[in-house]
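All values below come from the heavy atoms of this structure, side chains included, with hydrogens, waters and symmetry mates left out. Count residues from 1 along the sequence.
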Amino acid sequence: STTAFFSEDRRTRFELQLWAELVSSRRDKALVGALRSIFGADVEQLVWTPGNELLLAYPDHAISIDAHGDGMRATLRCLMVLARLAGGMLILEEPENHQHPESLRQFARAVCTMAQSQRVQLWVNTHSVECVRAFLNGARDAASEAALYSFRLNDGVLDARRFTADAVDALDAAGTDPRYLDLYG
């Protein structure tokens, strides 16, 4: 996640800054909706305590985000950054980490939908074919264009090849794993 490079104190300040901006524009509601759809969680709202702790409030209790699994924490922090963007680009490094396959599909759908509505271009770096499929399908669900880029470095020369979502589907249907496209020329 974006915050992984920060110490705990800097991460808290970073999240607090994002939080203030998200609440003032009521984008926190979009975060709650995303958590509900991705994880099936009955979250009613997000609460930032005076002790600098972010809580997920459920109908009859509240739990710190830090008491949840790594997947939910990474998802919420990613969505906090995305919810704050308008235009521009968001780069995700291996977003499948700590995600259950079904939550990955729902996460990809939520991220693609939010990015489309906010005119944010996504760049997803992964080695996971499941992640590729999840984001291609998420982009389709968001009525957004998606493509797969395959990179190969040969003797200091970088070769980049672009494949449309339809081309990736055709490769997949033919039994060709898109992670190994460099083997095919």
Single-linkage hydrophobic cluster, 4.5 Å side-chain cutoff, [X] and [Y] together:
| X | Y | answer |
| --- | --- | --- |
| L55 | L22 | no |
| V23 | L31 | yes |
| I63 | I65 | yes |

Output the distance between atom CD (E21) and atom CG (L16), rounded to the nearest 0.5 Å.
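Answer rounded to 0.5 Å: 11.0 Å.
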From L92 CG over to L122 CG, what is the distance, rounded to the nearest 0.5 angstrom?
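The CG atom of L122 is 6.0 Å from CG of L92, to the nearest 0.5 Å.
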For a quick test of reading the model, state the closest non-hydrogen atom pair linking [X] to [Y] and the distance between them.
| X | Y | result |
| --- | --- | --- |
| S144 | Q116 | OG-OE1, 3.3 Å |
| R36 | V43 | NH1-O, 2.6 Å |
| R109 | D141 | NE-OD2, 2.7 Å |
| Q99 | P95 | CG-O, 3.4 Å |
| M72 | A41 | CE-CB, 4.3 Å |
| C78 | L90 | SG-CD2, 4.3 Å |

With a cut-off of 6.0 Å (strictly less than), are more than 12 heavy atoms of other residues, nucleotides or ligands near CZ of R84?
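At most 12 heavy atoms, drawn from other residues, nucleotides or ligands, come within 6.0 Å of this atom.
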Are there more than 12 heavy atoms of other residues, nucleotides or ligands under 6.0 Å from atom CD of E53?
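Buried by this count: over 12 neighbours within 6.0 Å.
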Run the numbers on F135 and T126 for side chain to side chain contact (heavy atoms under 4.5 Å, CB included), then give the verdict.
CA-CA 11 Å; F135 275 88; T126 185; over 6 Å; no
L46 vs L54, test: side chain to side chain contact (heavy atoms under 4.5 Å, CB included). Steps then yes/no.
CA-CA 7 Å; L46 303 171; L54 182 58; 4.3 Å; yes
For residues 118-137, which residue pairs pass the salt bridge (Lys or Arg N to Asp or Glu O under 4.0 Å) check, not counting sequence neighbours?
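Listed once each, the pairs are R133-D172.
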Please step through side chain to side chain contact (heavy atoms under 4.5 Å, CB included) for the pair L35 and L76, ending with a clear verdict.
CA-CA 7 Å; L35 290 176; L76 180 57; 4.0 Å; yes
